[in-house]
Q: 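Attaching a single structure in C-alpha cells format; questions to follow.
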Amino acid sequence: MGGMADLSSSRNLMALVDCNNFYASCERVFQPRLSAKPVVVLSNNDGCVVARSNEAKALGIKMGVPFFEIRDLAEKKQVEVFSSNYTLYGDMSRRVMEILSSFTPETEIYSIDECFLGFNGFRNRDLTAYSREIRSRVGKYTGIPVSIGIGPTKVLAKLANRVAKKQYPDIGIFNLFDQPDGDVILRDFPVEDIWGVGRRYAERLSQLHIHTALELKRASRNHLRRAFGVVMERIILELNGLSCMAIETQPASKKNMACARGFGRELSSLEDLEGAVHAYSSVLCEKLRTSKQMAEGLYLFLMTNPFSRNAAPFSAGKFSKLVEPTNDTSCIIEKACELLREVYRPGLSYKRVGIILMDLLPDGEYQPDLFSAVNQKKRRAAMSAVDGLNKRFGKATVQFGLPKRQGDWKQNRLRESSRYTTIWKDLPMVLAK
DNA sequence: TCTGGGGTCCTAGGACCC
DNA sequence: TCTGGGGTCCTAGGACCC
C-alpha cells in the first residue's frame with residue numbers, strides 16, 4: 001500500500017447521513033408534546049427497546065433491553081413508550097431519502113435511517129456548508145434531525161458521522177477534510193466503534209493491543225488479513241483513505257425474504273399456528289410481487305419460548321424446494337403448511353414461527369412450460385387484483401383460504417401511534433382558532 | 001407475567017467433474 | 001515403498017450490519 005491516501009484530486013468524497021434516534025424522532029414529529037421528553041420505541045410484540053430519544057438515553061435506558069426490565073423506571077420518569085409503527089417509519093424514511101436525492105445523483109439507501117451520498121461531482125463546493133443546507137432542508141420538510149459525516153471512504157464517513165453525533169450534536173456535521181490532521185480523531189476513536197468491527201473482532205484486536213482506530217489504521221494489513229480475512233483488510237485500507245466499497249446506487253435485489261414473529265401468547269394447536277403461517281405467507285408474497293421476484297425455496301421454522309424456565313427450549317425447521325419458482329400466495333401457503341405439519345410436535349407451547357423465502361429470482365427470468373403458462377397467467381391476474389384491492393382498501397382486505405383461527409397469533413402492540421402519513425383517517429387533526 | 005426482526009458477506013470443507 | 005491436480009458448486013457456520 002503506497003503509504004497514506006494522497007491528497008490528489010482523484011480521491012473520493014462522500015457523506016453518510018444518519019437520522020438521529022429515527023423511530024423516536026418520527027413519533028415526535030406528529031406529537032410536539034413529546035419534544036424534550038424521554039421517548040422510547042419498542043420492538044415487535046412490545047418486547048425490547050429499539051429506539052431512544054437523547055433524554056431516554058440520559059436515563060440510562062440501553063439499546064435492546066427487554067421492556068419489562070425498565071418498566072418501573074419508565075413509569076417513574078414519565079417516559080413516553082411506543083409500539084413500533086413501521087408503516088409510519090417507512091413512509092418518513094422515503095420522504096427523507098427523496099430529499100437527500102435532490103442534493104446529489106449518487107445516493108445509496110443503506111438502511112431505513114441511513115444514506116450514503118457521493119460527492120465526487122461537488123469538488124469545488126464547500127461540503128461542510130452544503131451539508132448544513134442538507135440538514136436544514138431535511139429538518140424543515142420532515143421534522144427529522146440528521147447527522148452528517150464526511151470523508152473519503154465509507155468507513156471514514158461512518159466514523160465522521162459518529163463524531164458529529166457524539167462531539168458536535170448541535171452542529172450535527174463533521175467533515176474529516178476540515179481537519180489539519182485526521183489522525184488526531186482516529187487516535188481517540190475506539191476500535192469497537194468502527195463500522196465492521198463487532199464485539200468478537202474487537203476482543204481479538206484487543207489481544208493484539210489494537211484499541212483505537214489509529215492503531216488499526218497502522219496495523220499490518222497482511223498479518224490481519226491472515227488472521228481475520230479480507231473484510232478486515234478492507235477496513236484497514238478504508239481507514240487509510242483508500243476506498244474499497246463503492247457507493248451502490250442501484251439496490252441489489254434481495255436473495256432471501258423472511259417473516260418471523262413472536263406471538264402475543266403461546267400457541268399449542270396446529271390450527272393456531274396455521275393462522276400465523278397463512279398471514280406471514282401473504283405478507284411475504286405481496287413483498288415478492290412488489291419486488292417482481294419469485295422464490296424457488298422455502299424454509300419454515302418453529303420455536304418454543306427460549307427463555308422459559310419450565311421447559312427445555314425446542315426449535316425445529318425444514319427447507320423445501322418449490323415445484324417451480326412462484327410468488328403465488330396459495331402455492332406458498334400450501335407448501336408452508338405442509339412443512340409446518342412436518343416440524344410440528346403436539347404437546348408443546350410455541351412462541352414463534354417464521355418463514356424464509358430463499359433462492360429468489362427475477363420474475364421475468366423463469367419460463368414456465370406451455371401447459372402451466374396458461375394457468376400462471378390466470379393466477380397472476382388474480383394476484384394483482386388482490387394486491388390492488390389490499391392497496392386500496394387496507395392490508396388483508398382480501399385473504400387466501402381463510403385459516404380456521406383468526407387472530408390468536410397476533411402480536412402485542414399496546415402503544416401504537418397512528419399512521420399519520422399513510423392512512424386518511426389517521427391524519428392529525430389541527431384546531432385553528 | 002413480560003426477552004425483536006431482517007438481512008449480508010466470507011470462509012472452509014466436501015462433493016463432484018474432467 | 002509409490003496413489004494428480006485444478007476447477008466449480010454447494011453448504012454450514014461465523015461474523016457483521018441496522
Side-chain angles (χ1 to χ4, degrees), chain A residues 16-23 40-51 62-75 81-86 89-90 93 108-116 154-155 158 161-162 191-205 225-235 244-245 248 251-266 276 280 283-284 287 291 296-297 299 301 303-310 313 317 319 321 349 351-360 411-415:
Chain A
L16 176 73
V17 182
D18 185 328
C19 301
N20 299 346
N21 315 327
F22 183 54
Y23 300 166
V40 304
V41 178
L42 304 179
S43 64
N44 243 325
N45 227 5
D46 293 346
C48 299
V49 171
V50 293
K62 298 270 182 272
M63 182 68 174
V65 289
F67 178 54
F68 70 84
E69 285 178 13
I70 60 147
R71 182 167 295 170
D72 291 344
L73 174 75
E75 199 152 313
V81 181
F82 292 91
S83 301
S84 39
N85 182 346
Y86 288 104
Y89 311 149
S93 170
E108 175 185 339
I109 297 174
Y110 176 68
S111 74
I112 193 164
D113 67 340
E114 285 176 62
C115 187
F116 286 102
K154 282 186 168 176
V155 166
K158 267 272 193 188
N161 187 287
R162 197 180 172 91
V191 80
E192 64 265 26
D193 291 342
I194 295 171
W195 187 46
V197 177
R199 197 169 48 89
R200 296 293 163 93
Y201 283 177
E203 275 167 23
R204 286 171 57 196
L205 287 170
R225 185 200 166 116
R226 276 192 297 275
F228 292 81
V230 293
V231 174
M232 186 61 78
E233 184 183 27
R234 284 204 279 258
I235 293 171
C244 308
M245 298 175 234
E248 309 284 352
S253 49
K254 284 191 181 164
K255 296 170 179 167
N256 299 306
M257 225 181 246
C259 182
R261 284 170 209 162
F263 314 125
R265 62 177 190 83
E266 295 182 3
Y280 300 178
V283 167
L284 283 173
K287 277 167 92 179
S291 66
E296 279 194 282
Y299 182 79
F301 65 90
M303 53 179 66
T304 59
N305 183 354
F307 300 101
S308 168
R309 298 212 194 111
N310 327 324
F319 174 83
K321 210 112 184 121
S349 290
K351 182 64 181 169
R352 191 169 132 90
V353 63
I355 300 171
I356 307 176
L357 300 179
M358 307 177 87
D359 308 321
L360 305 189
Q411 285 75 43
N412 295 325
R413 0 188 37 168
L414 299 175
R415 306 150 186 274

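Keep in mind the model is a prediction, meaning the values are calculated, not measured. In what follows, chains carry the letters A, B, and so on, assigned in the order in which the sequence lines appear, proteins first and then strands, with residues in each chain numbered from 1.
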Q: CG of A:Asp193 versus C1' of C:dC18: gap in Å, rounded?
A: 15 Å
Q: Take atom CG of A:Asn20 and atom P of C:dC18, then tell me their distance rounded to the nearest Å.
A: 15 Å
Q: When the C1' atoms of B:dC16 and C:dG4 are considered, how many whole Å apart are they?
A: 16 Å
Q: If the threshold is 4.0 Å, N to carboxylate O, is there a salt bridge linking A:Glu203 and A:Arg199?
A: yes
Q: Answer with base, sugar-phosphate or nothing: what part of the nucleic acid does A:Asp113 contact at a heavy-atom distance below 4.0 Å?
A: sugar-phosphate
Q: May I ask you to decide if the ring planes of A:Tyr89 and A:Tyr86 are parallel, tilted or perpendicular, using 30° and 60° as cut-offs?
A: perpendicular
Q: Tell me, please, which residues at least two apart from A:Arg162 pass salt bridge (charged side-chain N to carboxylate O under 4.0 Å, His left out).
A: A:Asp193
Q: What is the nucleic acid contact for A:Ile194, judged by heavy atoms within less than 4.0 Å: base, sugar-phosphate only, or nothing?
A: sugar-phosphate
Q: What integer distance in Å separates A:Leu205:CG from C:dA15:P?
A: 13 Å
Q: Take A:Leu205 and A:Met232 through the side-chain contact (heavy atoms from CB on, under 4.5 Å) test and state the conclusion after the steps.
A: CA-CA 11 Å; A:Leu205 287 170; A:Met232 186 61 78; 3.9 Å; yes
Q: Write down the distance between CE (A:Met232) and P (C:dC16), rounded to a whole number of angstrom.
A: 8 Å
Q: Any side-chain heavy-atom pair from A:Gln411 and A:Ser83 closer than 4.5 angstrom?
A: no
Q: Strictly below 4.0 Å: does A:Lys154 bring a side-chain N or O up to OP1 or OP2 of C:dC17?
A: no
Q: Restricting to nitrogen or oxygen on both sides, can you table the protein-nucleotides 4-9 of chain B pairs closer than 3.5 Å?
A:
residue	atom	partner	partner atom	Å
B:dG4	O4'	A:Ser43	OG	2.7
B:dG5	OP1	A:Gly262	N	2.6
B:dG5	OP2	A:Arg352	NH1	2.3
B:dG5	O5'	A:Ala260	O	3.4
B:dG6	OP1	A:Ala260	N	3.4
B:dG6	OP2	A:Ala260	N	2.6
B:dG6	OP2	A:Ala260	O	2.9
B:dG7	OP1	A:Lys254	NZ	3.3
B:dG7	OP2	A:Ala258	N	2.5
B:dT8	OP1	A:Lys255	N	3.2
B:dT8	OP2	A:Asn256	ND2	3.3
B:dC9	OP2	A:Lys255	NZ	3.1

Q: What's the closest nucleotide to the side chain of A:Arg71 if the choices are C:dC16, B:dT3, B:dT1?
A: B:dT1
Q: Take atom CD of A:Glu203 and atom P of C:dG14, then tell me their distance rounded to the nearest Å.
A: 15 Å
Q: Can you find a heavy atom in the side chain of A:Leu357 that is under 4.5 Å from one in the side chain of A:Asn256?
A: no
Q: What integer distance in Å separates A:Arg265:CZ from B:dT3:P?
A: 14 Å
Q: What closest approach, in Å, do A:Ala74 and A:Val81 show between heavy atoms, and which atom pair accounts for it?
A: CB-CG2, 4.4 Å
Q: Measure the shortest side-chain to side-chain distance between A:Phe67 and A:Arg415 over non-hydrogen atoms and say whether it is less than 4.5 angstrom.
A: yes
Q: Expressed as a whole number of angstroms, how long is the span from A:Arg226:CZ to B:dA12:C1'?
A: 18 Å
Q: For A:Glu69 and for A:Val230, locate the closest nucleotide of DNA chain B by heavy-atom distance; then report the residue assigned to the nucleotide nearer the 5' terminus.
A: A:Glu69
Q: Rounding to a whole Å, what distance do you find between A:Arg200:CZ and C:dC16:P?
A: 7 Å
Q: For A:Phe228, answer base if it contacts any base atom (sugar-phosphate contacts may also be present), sugar-phosphate if it contacts only those atoms, and nothing otherwise; contact means non-hydrogen atoms under 4.0 Å.
A: nothing
Q: Could you write out DNA chain C as dot-bracket? Rules: Watson-Crick or G-U wobble, both distances under 3.5 Å, brackets [ ] for crossings, | for pairs with another strand, dot for unpaired.
A: ....||||||||||||||
Q: So, does A:Lys351 use its side chain to make a donor-acceptor pair with the main chain of A:Phe263 at under 3.5 Å?
A: yes
Q: When you compare the side chain of A:Val155 with that of A:Arg234, does any pair of heavy atoms fall below 4.5 Å?
A: no
